[in-house]
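Right, one structure below, let's go through it.
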Protein chains: 2
Amino acid sequence: MYCNKNNYRMNNARFAISLHILTLLDKAKEELLSSDYIAGSININPVLVRKELSNLRNHGFVASKEGKNGGSYLAKPAHSILLSAVYLSVRQNNLLGTSKNTPNPHCPVGKQINTHLNNLYEATEAALIKELSGKSLAEFSMKFD
Amino acid sequence: MYCNKNNYRMNNARFAISLHILTLLDKAKEELLSSDYIAGSININPVLVRKELSNLRNHGFVASKEGKNGGSYLAKPAHSILLSAVYLSVRQNNLLGTSKNTPNPHCPVGKQINTHLNNLYEATEAALIKELSGKSLAEFSMKFD
DNA sequence: TAAAACTGTAATAAAATATATTACAATATA
DNA sequence: TATATTGTAATATATTTTATTACAGTTTTA
């Protein structure tokens, strides 16, 4: 048994990696896939795959079995995994990039910019999530020959 | 006269910076703002502001005057600058992060994943752009006291 | 029961990217 | 002609991402 706290930071390739993993697991049906096998398909380091699997597990998308002949598998039907949920599981930052800047508080624009940017970002991200929520892993996976 | 080719890479804080700049210019009305002044409001390095101004200029949003007492100003009315256009002007990468990976071509999933990811990204980004196209710089700028 | 093949995670290193800084030529103004 | 400013290149620093190394904990199976 392990207890972990992962701390990624950005919106990088994580969505792509997670979706790749989930698609492989869906295609594998009952069969368990090892992180090494998955890493070989994505062509990234196996440790990154395990970290991503850890996150996907925490969100209830996959389950893993430890030990010899262990591996991972989908923990719920692919049609019940919406791409919006996958996005939200890897999302850390605001989509359009948060300015970690502390704008000049003496400037009337600088003083309020972060509030207004955040409002804009929320609306924008909501549109994106809505779009993704119209697609499930099953639909995505089905596109592959 | 200068001739430049800028080569940023990522979707970082550029959207926020550009919108901050544009808002300042809109508020300044006829007055020219120097890159040092703008940098002071955003609280970033003036050279970054000039690079961003260069990009905004290339896209026809702003114009600049060189020499003493020079500076920048909006090149077109704020209501005609859609936030989607600003987004597109700073956009470089795919929104959800392109995997620069070369997935395993021997894996049936790896072989096709980039095609399907790109299709998904296009649809997703289209939704985001549509949302942003409903807002103009004028509307954004108006929110400030 | 011990070797083997896994997972889980921490720690560290390397690579990539973003941001800041320095420098200076070109340009316009006063 | 001095000054303030833009435009841009080159370089340095900081931050973030990705890879690597290492190893303890789990299961399976010989």
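In what follows, chains carry the letters A, B, and so on, assigned in the order in which the sequence lines appear, proteins first and then strands, with residues in each chain numbered from 1. Only a predicted model underlies this, so the values are computations on that prediction, with no experimental measurement involved.
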Classify the nucleic acid contact of [X] as base, sugar-phosphate or nothing, counting any heavy atom under 4.0 Å across all strands shown.
X: A:S35; answer: sugar-phosphate
X: A:G67; answer: base
X: A:I44; answer: sugar-phosphate

* Taking for each residue the nucleotide of DNA chain D bearing the nearest heavy atom, is the 5' side occupied by B:N69 or by A:K68? ->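 Nearer the 5' end of the strand: B:N69.
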* Closer to the 5' end of DNA chain D via nearest nucleotide, is it A:N43 or B:G71? -> B:G71
Counting side-chain heavy atoms from CB outward, which of [options] is closest to [X]?
X: A:V47; options: D:dG7, D:dT21, C:dT19; value: D:dT21
X: B:R57; options: D:dA22, D:dT8, D:dT18; value: D:dT8
X: B:E66; options: D:dT6, C:dT9, D:dA19; value: D:dT6
X: B:S64; options: C:dA28, D:dT28, D:dT6; value: D:dT6

* Asked: Any salt bridge between A:E131 and A:K135, counting N to O under 4.0 Å?
  ->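 Yes, A:E131 and A:K135 are salt-bridged.
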* Heavy atoms, side chains only, cut-off 4.5 Å: are A:L56 and A:V90 in contact? -> no
* To the nearest angstrom, how far is B:L32 atom CG from D:dA4 atom P? -> 17 Å
* Summary of ring-ring contact (aromatic ring centres under 6.0 Å, His included) pairs that have at least one residue in residues 124-145 of chain B, sequence neighbours excluded ->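 Passing the test, one end in residues 124-145 of chain B: A:H116-B:F144, B:F140-B:F144.
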* Rounded to the nearest 0.5 Å, what's the gap from CE on B:M142 to NE2 on B:H79? Could you check? => 11.0 Å
